[in-house]
Amino acid sequence: MNAHTKIETLAFSRTPTSKPVAPAARAELLKDPGFGRVFTDHMVTICWTKDGGWHDAQVRAREPISLDPAAAVLHYGQEIFEGLKAYKRSDGSIALFRADQNARRFRASAARMALPEMPEALFMQAIDELVTIDRDWIPGGEGSLYLRPFMIATEAFLGVRPSHECLFMLIASSVGSYFKGGAKAVTVWLSDRYTRAAEGGTGAAKCGGNYAASLLAQAEAIEQGCDQVVFLDAAEHRYVEELGGMNVCFVFDDGSITTPPLGTILPGITRDSIITLARKEGRAVREERYSIEQWRADAASGKLREVFACGTAAVVSAIGKIKSKNGDIDIGDGNGGPITAALKAKLVGIQRGDIADSESWVRKIG
């Protein structure tokens with residue numbers, strides 16, 4: 001699916017919306033945007049065809065799109081997406097955090113789902129275009145502009161093969177805290193019935209099917225009064241993999257950290273950043289399997305001091321309790337811990353420009 005990837009960038013046509021949200025109405029929306037409910041004025045679209053490659057790059061009004069009822073995405077789920085944020089920094093500038101890694105992961109997801117691999121430079125160009133035109137939608141304070149690039153198979157064809165036509169789109173949403181209640185430690189439900197991914201599957205790709213497969217377990221978690229669900233491996237139903245939409249890390253009494261290895265889980269960019277920051281502090285970080293039995297034993301003995309989830313949407317969220325059919329697991333005092341808090345503060349500080357970016361992770365726009 002690499003045809004025409006020699007095209008690195010494109011000339012974008014720009015057609016600003018004729019009906020922008022009024023500044024006063026936008027300001028009201030940005031007071032408490034929540035997560036994923038408030039959308040900006042514009043979007044980016046880029047077409048791809050097997051014969052023509054990438055073409056027709058546009059910045060235009062955010063509006064509904066038209067799809068043929070036989071579009072491949074509607075029948076075979078051939079699609080991928082990404083999630084990243086633009087931040088308003090302390091000096092007033094706008095910046096992205098490790099967006100190049102999102103571009104690379106988008107390509108990897110495309111390859112796994114038999115979709116065309118978008119050149120990283122074109123991906124970044126699309127991000128710059130939308131953030132520039134909709135920069136007034138970036139909330140102040142702890143808010144950010146959540147960017148959602150995605151690609152869908154649009155060819156009207158019911159045969160089972162990779163689509164010869166695709167559409168890349170980019171939309172943006174002004175966001176605040178991911179979890180209701182803000183920064184408090186969350187409670188997680190252990191799913192002993194459903195699995196998210198298996199060896200050889202699509203677990204490492206960021207595609208909608210993985211998330212659709214998690215929704216029933218997530219609904220079960222909500223019924224149990226939990227914020228999120230955590231999945232075990234598909235083969236033995238013993239080893240912790242990840243949450244419905246985030247990676248998970250375990251902090252022990254010696255200050256070391258364990259996180260499940262890559263393979264069937266999403267290679268999270270926040271996860272990778274946390275690992276890098278922790279190792280720079282001199283902490284041992286193990287990427288290895290960790291069983292639910294060991295989790296119970298280590299929590300009971302006090303060896304396990306903290307657990308946290310991490311991802312672009314929630315950044316870092318302490319986990320205070322695990323609920324399951326076989327009994328609950330309390331983590332420390334249930335309120336998170338100092339290592340979780342310190343790693344989050346360092347990561348957010350780099351993103352916001354309050355801490356020096358020694359890793360060259362931040363890229364300013366404009």
Side-chain angles (χ1 to χ4, degrees), residues 142 177-191 221 224-233 238-262 265-324 326-352 355:
E142 297 183 1
S177 176
Y178 183 77
F179 289 115
K180 293 180 180 179
K184 70 177 182 64
V186 298
T187 300
V188 176
W189 175 251
L190 175 66
S191 178
Q224 297 294 329
C226 298
D227 302 285
Q228 259 284 344
V229 61
V230 62
F231 291 100
L232 301 178
D233 72 290
R238 288 188 59 207
Y239 296 100
V240 180
E241 296 228 312
E242 63 179 327
L243 275 65
M246 289 165 281
N247 298 119
V248 61
C249 296
F250 304 90
V251 183
F252 297 92
D253 54 3
D254 62 356
S256 67
I257 297 173
T258 291
T259 190
L262 299 179
I265 70 172
L266 188 72
I269 295 162
T270 305
R271 171 189 180 276
D272 182 73
S273 303
I274 290 291
I275 289 172
T276 300
L277 293 176
R279 285 177 173 161
K280 285 198 71 174
E281 290 180 350
R283 300 187 185 280
V285 181
R286 297 172 293 272
E287 296 181 70
E288 61 186 28
R289 298 204 296 178
Y290 188 67
S291 71
I292 187 60
E293 297 93 344
Q294 195 64 51
W295 189 345
R296 286 186 186 280
D298 289 345
S301 71
K303 180 180 179 181
L304 178 65
R305 296 295 176 84
E306 305 172 36
V307 182
F308 62 87
C310 57
T312 298
V315 190
V316 173
S317 294
I319 297 174
K321 180 190 286 287
I322 307 299
K323 289 186 176 182
S324 79
N326 296 321
D328 298 347
I329 306 174
D330 293 312
I331 312 300
D333 64 1
N335 295 313
I339 294 176
T340 298
L343 286 169
K344 179 178 182 179
K346 184 169 289 188
L347 184 62
V348 172
I350 293 170
Q351 292 169 340
R352 301 286 181 178
I355 294 177

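In what follows, every heavy atom counts, from backbone to side chain, and hydrogens, waters and symmetry copies are set aside. Not measured: the values here are computed from a predicted model.
Applying the side chain to side chain contact (heavy atoms under 4.5 Å, CB included) test to Arg305 and every residue at least two apart in sequence or in another chain returns Asp253. Checked against salt bridge (Lys or Arg N to Asp or Glu O under 4.0 Å), Asp330 has the following partners two or more places apart in sequence or in another chain: Lys321. Residues satisfying the salt bridge (Lys or Arg N to Asp or Glu O under 4.0 Å) test with Glu242, not counting sequence neighbours, are Arg196. Among residues two or more places apart in sequence or in another chain, the ring pair (Phe, Tyr, Trp, His ring centres under 6.0 Å) test is passed with Phe252 by Tyr290. Among residues two or more places apart in sequence or in another chain, the side chain to side chain contact (heavy atoms under 4.5 Å, CB included) test is passed with Asn326 by Arg296, Ser324. Listed by chain and number, the residues in a ring pair (Phe, Tyr, Trp, His ring centres under 6.0 Å) with Phe231 amount to none (sequence neighbours excluded). Residues meeting the side chain to side chain contact (heavy atoms under 4.5 Å, CB included) test with Glu306, sequence neighbours left out: Val251, Pro338, Ile339, Thr340. Shown here are the side chain to side chain contact (heavy atoms under 4.5 Å, CB included) partners of Pro267, two or more places apart in sequence or in another chain: Arg105, Ala204, Leu262. For Arg352, there are no side chain to side chain donor-acceptor pair (under 3.5 Å) partners two or more places apart in sequence or in a different chain. The salt bridge (Lys or Arg N to Asp or Glu O under 4.0 Å) search around Lys280 returns Glu359, not counting sequence neighbours.
In terms of heavy-atom proximity, Ala185 sits nearest to Gly334 at CB-O, 3.4 Å. Contact detail for Ala345 and Ile355: the closest heavy-atom pair is O-CD1, 3.9 Å. Of all the heavy atoms in Cys249 and Cys310, the pair that sits closest is SG-SG, 4.3 Å. Nearest approach of Asp328 to Lys323, heavy atoms of both residues: OD1-CA, 3.4 Å.
The line from CD1 of Ile319 to SG of Cys226 is 10.5 Å long, rounded to the nearest 0.5 Å. Gln228 CD to Ile322 CD1: the interatomic distance, rounded to the nearest 0.5 Å, is 11.0 Å. Here the straight-line distance linking atom OG of Ser177 with atom CD of Glu142 works out to 8.0 Å at 0.5 Å rounding. Expressed to the nearest 0.5 Å, how far NZ of Lys346 lies from CD of Gln351 amounts to 13.5 Å.
Pairs engaging residues 297-317 under the ring-ring contact (aromatic ring centres under 6.0 Å, His included) rule: none recorded [sequence neighbours left out].
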Evaluate Val229 against Val188 for side-chain contact (heavy atoms from CB on, under 4.5 Å), listing each step before the verdict. CA-CA 5 Å; Val229 61; Val188 176; 5.6 Å; no

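Without hydrogens or angle criteria, Thr259 side chain to Val248 main chain gives a donor-acceptor distance under 3.5 Å. No donor-acceptor pair under 3.5 Å is formed between the side chain of Asp227 and the backbone N or O of Val186. The backbone N or O of Gly255 lies less than 3.5 Å from a partner atom in the side chain of Arg283, making a donor-acceptor pair.
Ile331 places a side-chain heavy atom less than 4.5 Å from the side chain of Leu304. Here the side chains of Val240 and Val230 are in contact, with some heavy-atom distance below 4.5 Å. Side chains of Thr258 and Glu288 form a contact here, defined as non-hydrogen atoms less than 4.5 Å apart. Side-chain contact between Leu232 and Leu190 is present, with heavy atoms from C-beta onward closer than 4.5 Å. With a 4.5 Å cut-off on side-chain heavy atoms, Trp295 and Ile329 count as touching.
In this structure, a donor-acceptor pair under 3.5 Å is present between the side chains of Ser256 and Arg286.
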Just distance, no hydrogens or angles: give the donor-acceptor pairs under 3.5 Å from side chains in residues 269-277, sequence neighbours left out.
unit_1, atom_1, unit_2, atom_2, d
Thr270, OG1, Thr312, N, 3.4
Arg271, NH1, Glu287, OE1, 3.4
Arg271, NH2, Pro260, O, 3.0
Arg271, NH2, Glu287, OE1, 2.8
Asp272, OD2, Arg98, NH1, 2.9
Asp272, OD2, Arg98, NH2, 3.1
Ser273, OG, Arg98, NH1, 2.9
Ser273, OG, Ile269, O, 2.8
Thr276, OG1, Asp272, O, 3.0

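Counting non-hydrogen atoms of neighbouring residues, nucleotides and ligands closer than 6.0 angstrom, the CD atom of Glu281 exceeds 12 such neighbours.
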